[in-house]
Structure formats: structure tokens, C-alpha cells
A.B. asks: 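One structure coming up, written as C-alpha cells, with questions to follow.
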There are 2 protein chains.
Amino acid sequence: MARAGLTAERLTRAGAELADEEGFAQVTVSALARRFDVKVASLYSHVRNSQDLRTRIALLALEEMADRGSAALEGRAGKDALAALADVYRDYAREHPGRYAAAQLRLDPETAAASAGVRHARMTRAVLRGYDLTEPDQTHAVRLLGSVFHGYIGLELGGGFDHSAPDTQETWSRVVDALDALLRNWPAAQGD
Amino acid sequence: MARAGLTAERLTRAGAELADEEGFAQVTVSALARRFDVKVASLYSHVRNSQDLRTRIALLALEEMADRGSAALEGRAGKDALAALADVYRDYAREHPGRYAAAQLRLDPETAAASAGVRHARMTRAVLRGYDLTEPDQTHAVRLLGSVFHGYIGLELGGGFDHSAPDTQETWSRVVDALDALLRNWPAAQGD
DNA sequence: TTGATTTTCCTAAAGCCTTTAGGTTACGGT
DNA sequence: ACCGTAACCTAAAGGCTTTAGGAAAATCAA
């Protein structure tokens, strides 16, 4: 019988689609085998195990987001850049909730260091170059931006904002405005 | 042979401990049965199913956090209240990572409405009373605070800050300072 | 073209988790 | 003491993961 043409890449891609359609938690070796109409054991020639599969999807998502981020940041600076990067993350999460969830997976240090995660860190710092922050404050700001993006998207995707009134798009712009105002006027360290 | 004295409550509590020790994902009906030295099927008299067990743990965590929050907010206002509430969440997450993870579980609307989640929303609004925000802005601010708390704690717990320099405690205070400054000086809606 | 080699995919099987059905047995109340 | 109601158990089916080892397609050489 003809072969299915399995490949780590094709499996990863199909896994990402599965994640977006059914949720990242539903990405299993078995489900993927069903998609390719192939026996489960066959996948193990291409992917080490279930964890490996999920990690590959995470890396794919990080890469895709980083690509979008780079493109969005080209030729932008200041608030423009901030808003662009923020939208990249939010839009990606809305278009690809499963992939976005995958990207939150905790990677072991070496994998993380070799991943597109470092590009993300660089991009955030690039945005912050548009503001006047001293070095230690820049790190605090990187963490704050990461927290807001990750936190907001997580809550919005999880339906945490479903039962309150103003629509989430409005809040999102106001949050970006607020971050811009904050970075433009970053408070000095408080005396104790 | 003597009975184990199972109860939905005891199972929930033990499940919460299991979550803190091994991670929320490792909370399974089987693991819990092993803890009580009881056959798996026995748990199904007290808990509807695996999902039900996890939901109960989530509700417990929400309740515990709300209790801490109420206590922390008593007699505080303004930045003091903001910092206190922020610390409640962060400290709880650090002490009880599994429970905290459980609290992120997406609940169906009725369950959520009957949960301590509403107390959390009330507490955040109470903190915001210490700042001068119009009604729609207050909602935006509620969402921003939720995002920052949830986002920061998620990243810190996930080890997202492990590989950068300043310690996370320092960043946390600066983030709270920043939020206070921001709320004190909330930017008006931007013209387009 | 054909034979050897490699790679792909399969069968088989063990282990763990979930969930349901139906049977015992311990305990509390009368 | 006895009786009914939990509480707990045995049994079994179904799903996912992972490994071991076999069969067949594709590749490449002579």
C-alpha cells in the first residue's frame, strides 16, 4: 500500500492545525495518527514521543510569531512599534489559539536558548529603545510588557473578559495607550 | 477492613496538595486513589469524574485566594491596597503553584458565577476606588491589573525570568510602582 | 533490470488512566 | 441485634503511550 509520506515537519504542521482546531491539550500522537490514517506506532519513527511532538509545535509557533514580529517592527519606532508588536501577539493568539497555547509550553534551557524565544526578547528590547530607560529599568519594562501581553491574551482567550461590558478591542487599545504613557514616564525607584 | 473516610472535601484537599507537590497536570483520579490506598473506582462515589475533581480544586484555590485578598485589603487603600492585593496573588502562587494553576482552569459560566471569582473582581474594583477613574476606564483598569498579575505570575512561575539578571522581587516592586503611577495618571482615550 | 539496502509503516503487547456496572461489607440508627 | 445506606471493591471496556521486532515500499547499484 502507498505510504503516507510522514515527516517530522508534516507531523508538526498537522499537529499545529489540530491544536488550533481542537485545543493544544487534544494534540496526541493517536489523534495525529488518525489524521494521517496511519497506525500510531508509525509516528514514533519521526517523533521521539508525545512531548517531543508538542515541543516541535511550540517551536513552530515561536518561530511564526517571531517572523510576524520582525515584519511588523520594520520601519516602526516608539508607540507605533509597541502597538504593532502587541497586535502581533494578540492577533496570532486569536488566529491560532492552539499554537499560541503551545508557545507557552515550558522548554528546557538548551531548547529554549536555541529557539525563536531569543528573537522575542530582542524584539521587546528593540521596542523599548524608543523610550528613554536606563539599563536595569529596561529589564523591568521587558518583563512588564511580557506580563501584560501574556496575561491579557491568556485572559481574553480563556474567556475571562466575556462577562463584562466594554468590548475587548477597546480595552486593548487603552492598555497599549497606558503602556506607552507609562514607558514614556517611567517612575524612578521608590524610596522605602 | 476499616474505611478510608473519603469525602469530596478530603479528596479536593488532597488533590490540592498533590497539585502543589507534583503539578496540577499530575492530579489524576488514580494518583489520588493511591494516596488514600483505595481502589480507583471508589473515588467515583464522591467525585463525578476527573474534570469534576479538577474543578473542585480550582474552586478551593479561588476561595483561598479570595480569603487572603479580603484580609489583606482590610484597612488599606490606594497604593497600599494595590501592593497588598498584588502580593496576595504572587505569594499564593509561589506557595501553592499547583492550586494557582488550578485556579486558571476555565470554568463553565454558571460555575464561574457561583465561584469566588466574583469576589476577586470585587476586590480589584475596591482597589481601584483609591484612584480617580471614570466608569469605563475602571473596567479597562480591572482588565489591565488582571493581565499584569496573571501574566507576571505565569511567567515567573514558568521560569520565564530565570535567565535574566535583576531578581524578580525587584522587578515585582517596580511593576507595582509602575501600576500605581499609571493609575494615578491614567491617560485619556487617544484621538485616532 | 534486478538485487541489496534503507526507511517506512505495521502487528503485537505491556502499562497506565478513565469510567461504568454491579456486588460486598462496614456503620449508624432504631 | 438488625437493617438500610453509604462506602468501597471486583471486573471490564476503551483510550493513549511507548517499545520491540517484522514486512514492504522506495532508493540505488551493478
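The sequence lines fix the lettering, A, B, ..., with proteins before strands; numbering per chain opens at 1.
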A.B. asks: Any chain of hydrophobic side-chain contacts (each under 4.5 Å) joining A:Phe149 to A:Val88?
C.D. replies: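 No, separate clusters.
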A.B. asks: Ignoring hydrogens and angles, tell me if any N or O in the side chain of A:Arg76 forms a donor-acceptor pair with the backbone of A:Ala84 under 3.5 Å.
C.D. replies: no
A.B. asks: How would you list, by chain and number, every residue that makes a ring-ring contact (aromatic ring centres under 6.0 Å, His included) with A:Trp172, sequence neighbours excluded?
C.D. replies: A:Tyr152
A.B. asks: Name all pairs fulfilling the ring pair (Phe, Tyr, Trp, His ring centres under 6.0 Å) condition that reach into residues 100-124 of chain B, sequence neighbours left out, sorted by first residue then second.
C.D. replies: B:Tyr89-B:His120
A.B. asks: Just jot down the ring-ring contact (aromatic ring centres under 6.0 Å, His included) partners of B:Tyr92, sequence neighbours excluded, or say none.
C.D. replies: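 Applying ring-ring contact (aromatic ring centres under 6.0 Å, His included) to B:Tyr92 gives B:His96.
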A.B. asks: For the pair B:Arg35 and B:Glu21, find out whether any cationic side-chain nitrogen is under 4.0 Å from an anionic carboxylate oxygen.
C.D. replies: yes
A.B. asks: Between residues 29-52 of chain A and DNA chain D, which residues have a heavy-atom gap below 4.0 Å?
C.D. replies: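 Result for residues 29-52 of chain A: A:Val29, A:Ser30, A:Arg34, A:Val40, A:Ala41, A:Tyr44, A:Asn49, A:Ser50, sorted by number.
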A.B. asks: Salt bridge or not between A:Glu95 and A:Arg90? Use side-chain N to carboxylate O under 4.0 Å.
C.D. replies: no
A.B. asks: Give a yes/no answer on whether the side chain of B:Thr28 brings an N or O atom under 4.0 Å of OP1 or OP2 in C:dT18.
C.D. replies: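 The answer is yes; a side-chain N or O of B:Thr28 sits under 4.0 Å from OP1 or OP2.
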A.B. asks: Applying ring-ring contact (aromatic ring centres under 6.0 Å, His included), can you list everything that pairs with A:Phe24, at least two apart in sequence or on another chain?
C.D. replies: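 Not a single residue meets the ring-ring contact (aromatic ring centres under 6.0 Å, His included) criterion with A:Phe24.
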A.B. asks: Short of 4.0 Å, heavy atom to strand atom, which residues of residues 16-23 of chain A count as contacting DNA chain C?
C.D. replies: none
